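Predicted, not measured: the structure shown is a model, and the values here were computed from it. Labels below follow one simple rule: chain letters A, B, ... track the order of the sequence lines, proteins then strands, and each chain is numbered from 1.
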Amino acid sequence: MKDFFPFMEIDKKWQERWEELFRCDLDDTDKKFYCLMMFPYPSGNLHVGHGRNYIIGDALARIKMMEGMNVLAPMGWDSFGLPAENAAIKNKIKPSTWTEDNIANMKRQFAKWGVMYDWSREIASCRPDYYKWTQWLFTQLFKANLAYQEEASVNWCPSCATVLANEQVVGGECERCKSQIELKKLKQWFFRITIYADKLLDDLDILKDWPGRVCTMQRNWIGRSEGVEVAFKLVESDEVLNCFTTRVDTIPGATFIVIAADHPLAEELIKKGWREKEGKSFIEHAKQLRLQEREKTENTKEGFFTGCYAVNPSTGKNIPVFLASYVLMDYGTGVVMGVPAHDQRDFEFVQDSPIEIPVIQVIASSTKEDGELDKAFLDDGIMINSGEYNGLENRVAMEKITDELSAQGLAWRVVHYRLKDWLISRQRYWGAPIPMIHCDSCGAVPVPEKDLPVILPDDVDFMPRGDGKSPLAASDEFVKTICPRCGGDARRDTDTMDTFVDSSWYFLRYMSPNDDEKPFDRDLVNRWLPVNQYVGGIEHAILHLLYSRFIVKFLRDAGHIDFDEPFSNLFTQGMITRNGSKMSKSAGNTVDPNPLIEKYGADTVRVYTLFIGPPEKDAEWNDRSVEGAFRFINRVWRLYEKYNGLFGSSDKECPDPAKLDEDHIEVYRKTQQTIQRVKDDILGGSFHFNTAISALMELTNSLYLYVDENDGFKSGNEDSIALFRYSMKNLVILLSPMAPHICEEIWERTGHGETIFKEGLPVADEKYLRADTYTLVLQVNGKIRSRIDVEKDLDKKDLERRALEDPKIISFIEGKIVRKVITIPGKLVNIVAN
RNA sequence: GCCGGGGUGGCGGAACUGGUAGACGCAGCGGACUUAAAAUCCGCUGGUGCUUAGCACUGUGAGGGUUCAAGUCCCUCCCUCGGCACCA
């Protein structure tokens, strides 16, 4: 078995030695590089899909070390959350035991991959020494008036028995368990993220090294929309309906008003309009409709006339007021002016409206009306049917109308957001208890810092209750307490925090994981952050990344830190699929790395994972192709093993390239090109390990041919052997971030220092990146007709002459007139002839 | 519906700023080694046709266009993946 890399012993040996290598000295920040992987939920087992993330990060950390950077690569556990609780219910063990077991197991898995971290900085969000500070963060937000409690209609997942944030509801279903979400009125804690909406939006522009699509997703999610609110007075009433619109230019065409069926004014209006009974049943009906139609693309637009009228402030006309399901209570003001001629939804609404509503076109492509519209006219154009505004461009009219209505106090400019405040209460057990105390006389009082953490009791029945309360509510011992303000009897808040609160600040804790005086070390954090490179999955594009940005902005404004974006560079790797779908436990298509590592060794699995495709794209896992990576690793090993006698302590340095003949210079040149390609591919910003590896495979192939065919090498010529050693040395250095075990071993066996990762990266000898001659392509009328070898510094004239001398070319242009010759030195000559 | 990514051999994927399409790997075929097989090493490998050491034609989802030259740029369309979706 000498022909195979003996990974069994060697992998382990290096994994132990590297522990020291990854221990980071935080004081040295001259060339700091904070290399962060998203910390995982400790679900028990890592599959090869997770592996991609960590292998990319590990390879990156290693190559950065070789670049001379002081690399901080910490790891921890996002260890609060439902699965622990569910597993615990199922297996009758404590969530903490289940979680800690999984953590231990996953740590072993990382090591087996050769994925190393500075474990002296390990954190776990479920441990009291961590969640103490998550609770501290909550109290800080509360003191800044950024955490508040409110009765609200919230998303309730009946199966998870908890409320969810908007971000966790996908298409009306629970993101986790796919159950239909119900709306429940509950008193809940929110973080006022909306205050930061503009900051979060604007600062996306600073994040130049983030993937564009992540920024786009966040932009859409924040959904900033500038417009105007217009007051529509109700006829025979003092009541006013404020409509939000982004198209106030269409107001002369507003022929009705629609308000959300669940609007607080709805009941009053139907009473006023003497239509209370039917109105109430419509409100019920609209509620049902919303639930049913959530999934549909085509939605009906049913409405109900309230019997009331309002005055269009631009025309002075009375227009009817409707209730309808297509107006959303939780966006804008919940009241909309209906402009059937210029809004498709309003247009559809009037088609089957119970009472006739006029469609008045007020913007047209010319100054004439377009006749009967068959759909809403949405383009910009010229104002018509609009009195004094006729003839103006609609965008100009928009400003004028706004100014004039504003002057009368009937309109004002506003900005609305799609982003809602972040609902953070969860009615589940396995999370950080919300550190608040409810006192009848003092209200909600935060737990003083000296009393933190509020320990999550482990002796409660944590079966979900489904009544809108957390399992903690059942524990008198937990609930009963004393008000920190007045000393009277009081009750603890029994909800726990969304786990995204835990992960919104963890990257600050790695600098001082064991500090029990403060959440993070201000000085160290300011020196080490923002994170130089964050690597993780695209699934966190909105939730985790937006929340973390928010918390960092808050901490900065509160004076705790000096920077306002947590991650200056983000890389989102594609997922690994199997049979075309995402690898997941529930889909049953996961690939366990352990058998693969046992069969082929860690380096093979790493190389295959990196070689599978461009890292930002999804890739299909193929067991068979793993063999190819295995072969490559062993080809490198054999190259060393077969010629190990040639590597002695009396290594002759690389021979002078200027003195190498043609048979040798080719290998020298290939080595220079490989150095350049590997560095460009990985460090050029795109992390293209796949092409870097293929370059290394090419170099390996060249070396095989060299040792097989080069006469000098075969006859033991010293320079020929030195050249081989030189190329091997570079091959091993360049491959080491991807396949660290084998490279470290060869490095050691060939008489080098303690670790290859303290060896600097080689610099390519630029003079030799290009060959002395190259193949010039000769085309006639754009078709390749011949190829000739030419010296690299021939000028255009020479190249053209050579092309026209070529016998094949001559035969193609014979009898034709040469009209034009295009010469691109280094590439081709194209002769246009007819 | 809107926004964004993508579509290249049997497969995963290369291709700089428009300039040799298919690097590298998998699978396949042939050869060397072997009693034999595996492993290994070397070579071939997009398709079609022919007068087959070669040559020609064709080929990057479809159709048009720009250009001496298009996988790459422009227009129209199809498919696919992801995000948002009655947001006023």
Applying a 4.0 Å non-hydrogen cut-off, can you work out what [X] is touching in the nucleic acid: base, sugar-phosphate, or nothing?
X	value
A:I822	base
A:L828	base
A:F812	sugar-phosphate
A:Y704	sugar-phosphate
A:G628	sugar-phosphate
A:V832	sugar-phosphate

Taking pairing as Watson-Crick or G-U wobble with both contacts under 3.5 Å, can you name the mate of [N], or confirm there isn't one?
N	result
B:A36	none
B:C68	B:G19
B:A85	none
B:A56	B:U48
B:G30	B:C42

If only side-chain N and O atoms of [X] are considered, is one of them under 4.0 Å from the OP1 or OP2 phosphate oxygen of [N]?
X	N	result
A:Y326	B:A88	no
A:N634	B:U40	no
A:K808	B:C55	yes
A:R638	B:C41	yes
A:R635	B:C41	yes
A:S625	B:C11	no
A:R631	B:C26	yes
A:R785	B:C57	yes
A:N701	B:G25	yes
A:K783	B:U58	yes

CZ of A:R418 to CG of A:D330: how many Å apart, nearest 0.5 Å?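 CG of A:D330 is found 10.0 Å from CZ of A:R418.
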From CH2 (A:W221) to CG (A:L545), nearest 0.5 Å: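 A:W221 CH2 to A:L545 CG: 14.0 Å, rounded to 0.5 Å.
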Is a donor-acceptor pair below 3.5 Å formed from side chain A:K827 to base B:C16, judging by atom type as modelled?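 In this structure, the two groups form a donor-acceptor pair.
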Side chain of A:N830, base of B:C68: donor and acceptor closer than 3.5 Å?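 Pair found.
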On RNA chain B, nearest-nucleotide positions of A:Y331 versus A:A695: which is more 5'?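 This one resolves to A:A695.
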Which sits closer to the 5' end of RNA chain B, A:D618 or A:A629, going by the nucleotide each is nearest to?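 By nearest-heavy-atom nucleotide position, the 5'-most residue is A:D618.
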Classify the ring geometry of [X] against [Y]: parallel below 30°, tilted from 30° to 60°, perpendicular beyond 60°.
X	Y	answer
A:F244	A:Y331	perpendicular
A:H285	A:F282	tilted
A:W422	A:Y547	parallel

Distance-only, no hydrogens or angles: does the A:Y608 side chain make a donor-acceptor pair with backbone N or O of A:N622 under 3.5 Å?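 A pair under 3.5 Å: yes.
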Syn/anti state for B:G9 [syn: chi within 90° of 0]: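 Syn conformation here, the glycosidic angle of B:G9 being no more than 90° from 0.
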Atom-pair distance (CG on A:N220; P on B:C3), nearest Å: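 The answer, rounded to whole Å, is 11 Å.
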Would you mind telling me which of [options] lies closest to the side-chain atoms of [X]?
X	options	value
A:P614	B:C86, B:G19, B:A14	B:A14
A:I824	B:G6, B:G19, B:A88	B:G19
A:T775	B:A88, B:U20, B:G25	B:U20

I'd like the P distance from B:U8 over to B:G63, given in whole Å.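 Pairwise P distance, B:G63 against B:U8, rounds to 16 Å.
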Is it true that the side chains of A:Q672 and A:Q676 contain a donor and an acceptor less than 3.5 Å apart?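 Side-chain D/A pair, A:Q672 to A:Q676: absent.
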